[in-house]
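Computed from a predicted model, the values in this text were never measured in an experiment. We name chains A, B, ... by the order of the sequence lines, and we start the count at 1 in each one.
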Amino acid sequence: MDTIKAEVHDILKKAIHAAVAAGDLSIAEVPDIPFSPTKTPEHGDVATPIALGLAKQARMAPRKIAEIIVAHINLDAHPTIRQIDIAGAGFINIHLADNWLHDTLQTITEMQSAYGTCDKGAGKHVQIEFVSANPTGPLNIVSGRAAAVGDTLVNLLNTIGYKAIREFYVNDAGGQVQRLGESIDIRYRQALGEEGLEIPEGGYQGEYLREFGQTIADTEGNVYLQLGTKERVATFRDKGIAHILEQQKKSLERFGVNFDVWSSEKAIRESGKPEEIVRVFRENGCLYEAEGATWFRMTDFGDDKDCVVIKSDGEYTYFVPDAAYHRDKFDRGFTTVVDLLGPDHQGHITHLKNLVKALGMPDDWLEVFIIQQVNLVDAEGKRSDMSKRRGQFLTLDDLIDELAETVGEQFAVDVARYFFLMRSNNTHLDFNMELAVTHASENPVFYIQYAHARCCSIFEQGDEQGLAPKPIEEVSLKRLTEPMEHELIRKLAEFPSAVLLSAEAREAHRVVHYLHELAGIFHPYYNQHRVLDPADIEKTYARLILIQSVQRVLKNGLTLLGISAPTSM
RNA sequence: GCGCCUAUAGCUCAAUUGGAUAGAGCAACGGACUUCUAAUCCGUAGGUUGCAGGUUCGACUCCUGCUAGGCGUGCCA
């Protein structure tokens, strides 16, 4: 598709230049030629609104311009183009010759799992940082959504030629983990029978810490009571971080997400980089002292308030290690860095960008996206709130457990990933547990998987009937004459550009929709036309090639999303 | 108060970044299994794209002002 588009692009450009040279068209310069979607077959295979765009410059009616451009195309010289129409307000609709369709099938057959890849991002290194949940509790559902999106984005970027990695930033330093230590301390002492204790304000109430405290008490007894409070809390903090991080890793692995790099905030703080960052900020005049603290001039970057970077007690606020961490990313040589943040970090985006700017990194080097919140919706459609602090929330593991009860472990992961990926990043996602569990069979993910399974089933049946696929060279693809076959191949040809668009926009949901559309053409085709037809062997072989291609694209697409492609259902 | 996000069919969401008649899935209604898997298909119905202006050949998309909801908002990350 991309090569054919390039070819058509070239032909149109030459035609416009020829029209200008001949004096038929008077325009200062030829803009880039855009392509518009062709929603119906009548609009051809490739369409462009270029004539509409030139109307103002050329001071001519769009349809007239389209006619002039088309008049300068010699159809005989371009066998790939079967027919050119001018339609609507002045759209140029191009119908391609059938051998283009055959070339598409040829390409898919040759490339197999590589179909959809390109080298657009060759030589560029991208880091995607996502999840990065505090090591203070089990991963919640928003983290699950971020995990699915980040994981898929990395797949997409690698597919279009980037070298992309998954990175998790562990916030294992600072106030939050301090309160984790304090909370575990309370639970531990409670487990040993101490009474009148309460989790302090801002601490973690969750049941998981009660269990953890109990486990420590059971296995190690009261040895920690001999330590001073400060030392004991610090010990529990470190034990807690290690324990919870391990749980988080397990959850992510179960969800099919494997990070390439785990970074530690503690390590960053101890690396000397924060001091260096502060020095640079100070030298650049970004800092000043007030009220016993050190402030960063966010207002110099257009923000309405300055921010404290060093507290009056001498500790850094999160801005310093965050800036140092991004400096670290830059020093590691990434051409682009993508941060996927949770919904409660919206205000942090501009701060982060300002800090990075103050460190002299290019404006477009850092991309920040918010993965919006996930609302759990119950049977009545009522939204339930999630608060980690209050300890009432559904974890990613709970979600998969619950789905697995009905559809099994593998499909549970598939369904959860699909749900998380089906919406654009910054829309709030309503996750209807009841629907996902009780109406599992109506879930859209099965629609796509079922299409794949049906393809597999055809080959199984074919084998039994002695109708195994033949090599494409020995098949007469001209036998694919049905309009639906034409439509199917057009959709297959779109796959690489769907992947490219999705990756460049950092929007994984586009691939989901693409696959759903592909399945939406395949199922009706399957219903109306028999592939295996012993009465017409030639047609059967041609259709088997088509089905192989559909199966291949479905599988490649599902693999990008981390969703399985079952051979039977 | 200020900043960011969101508002599209009864519900949940798309719309290739300004293009042709705004599309899917649920839910509703009516049909199709002696034929490669009915987790499927075919059909019907459903809209002033929150409101009011503006920009232009053309607006769900961009600009301004409203309205409603969510998140955030100087020593948490």
Short N/O separations, protein against nucleotides 18-20 of chain B, under 3.5 angstrom:
from, atom 1, to, atom 2, distance (Å)
B/rA20, OP2, A/K39, NZ, 2.7
B/rA20, N6, A/N93, OD1, 2.7
B/rA20, N1, A/N93, OD1, 3.0
B/rA20, N1, A/N93, ND2, 3.0

For nucleotides 41-43 of chain B, which of its nitrogen or oxygen atoms have a protein nitrogen or oxygen under 3.5 Å away, and what is each distance?
from, atom 1, to, atom 2, distance (Å)
B/rC41, OP1, A/Y447, OH, 2.5
B/rC41, O4', A/N527, ND2, 3.2

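Residue-to-nucleotide proximity on RNA chain B shows that, of A/H529 and A/P321, the 5′-proximal contact is made by A/H529. Summary of the strand contacts: A/A173 and A/D306 both lie near RNA chain B, and taking for each the nucleotide with the nearest heavy atom, the more 5' one is attributed to A/D306.
Side-chain proximity of A/F446 to B/rA39, B/rU35, B/rU16: nearest is B/rA39. Distance from the side chain of A/E291 is smallest to B/rC75 among B/rU17, B/rC4, B/rC75. Looking at the side chain of A/Y450, the nearest of the listed nucleotides B/rG70, B/rU40, B/rA77 is B/rU40. With distances taken from any side-chain atom of A/N134 to the nucleotides B/rA77, B/rA15, B/rG70, the minimum falls on B/rA77. For A/H516, counting side-chain heavy atoms from C-beta on, the closest listed nucleotide (B/rA24, B/rC75, B/rC5) is B/rA24.
For A/H348 and A/Y318, the ring centers are positioned less than 6.0 Å apart. Between A/Y288 and A/F296, the ring center distance fails the sub-6.0 Å criterion.
Remark: A/K353 NZ is packed, more than 12 non-hydrogen atoms of other residues, nucleotides or ligands lying under 6.0 Å away.
Counting non-hydrogen atoms under 4.0 angstrom, A/A453 reaches a base of the nucleic acid. Within 4.0 Å (heavy atoms only), A/E460 reaches no atom of the nucleic acid at all.
Every stem involving RNA chain B, taken as at least 3 paired positions in a row under the Watson-Crick or G-U wobble test at 3.5 Å, is listed here: B:1-7 with B:67-73, B:10-13 with B:23-26, B:28-32 with B:40-44, B:50-54 with B:62-66.
Between the side chains of A/H43 and A/D85, no donor-acceptor pair of N or O atoms lies under 3.5 Å. Between A/H345 and A/D339, the side chains place no donor N or O within less than 3.5 Å of an acceptor N or O (distance only, hydrogens not considered). Side chains of A/Q372 and A/T427: a donor-acceptor N/O pair is absent below 3.5 angstrom, by distance only.
The shortest distance between the side-chain N/O atoms of A/R423 and the OP1/OP2 oxygens of B/rG25 is not below 4.0 Å. The phosphate of B/rA77 (OP1 or OP2) has no side-chain N or O of A/Y318 nearer than 4.0 angstrom. The phosphate of B/rG3 has neither OP1 nor OP2 within less than 4.0 Å of any side-chain N or O from A/H345. Remark: A/K311 is not in phosphate contact with B/rG74, judged by side-chain N or O atoms under 4.0 Å from OP1 or OP2. Distances shorter than 4.0 Å separate none of the side-chain N or O atoms of A/T294 from OP1 or OP2 on B/rC75.
Between A/Y316 and A/I310, the closest heavy-atom pair is CD2-CG1, 3.8 Å.
The interatomic distance linking A/L421 (CG) with B/rG25 (P) rounds to 20 Å, in whole Å. Counting to the nearest Å, the C1' atom of B/rG3 and the CG atom of A/N354 are 13 Å from each other. With rounding to whole Å, A/L429 atom CG is found 12 Å from B/rU12 atom P. When rounded to the nearest whole Å, the span between NE2 of A/H509 and P of B/rC13 equals 12 Å.
For the atom pair CD1 (A/I244) and CG (A/L180), the distance works out to 4.5 Å, reported to the nearest 0.5 Å. If you take OG1 on A/T159 and NZ on A/K120, they are separated by 14.0 Å, rounding to the nearest 0.5 Å. Residue A/L25 holds its CG atom at 5.5 Å from CE of A/M60, rounded to the nearest 0.5 Å.
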Return a table of donor-acceptor pairs under 3.5 angstrom between the side chains of residues 419-426 of chain A and protein atoms on other chains or two or more places apart.
from, atom 1, to, atom 2, distance (Å)
A/N425, ND2, A/R506, O, 3.0

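B/rU67 and B/rC26 have their C1' atoms separated by 29 Å, with the value rounded to a whole Å.
Glycosidic conformation of B/rC51 is anti; the angle lies outside 90° of 0. Shown here, B/rU64 is classed anti by the O4'-C1'-N9-C4 or O4'-C1'-N1-C2 angle, which is more than 90° from 0.
One N or O on the side chain of A/D172 and one on the backbone of A/K266 form a donor-acceptor pair closer than 3.5 Å.
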- Query: Passes salt bridge (Lys or Arg N to Asp or Glu O under 4.0 Å), A/D303 versus A/R297? Steps please.
  - Reply: CA-CA 9 Å; A/D303 216 79; A/R297 297 184 195 276; over 6 Å; no
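The aromatic rings of A/H529 and A/Y525 sit tilted, their planes meeting at an angle between 30° and 60°.
With hydrogens and angles left out, the side chain of A/Q176 and the base of B/rC76 share a donor-acceptor pair within 3.5 Å.
Every residue was checked against the ring pair (Phe, Tyr, Trp, His ring centres under 6.0 Å) condition with A/F369, not counting sequence neighbours, and none meets it.
Less than 4.0 Å separates RNA chain B from at least one heavy atom of each of the following residues of residues 56-66 of chain A: A/K56.
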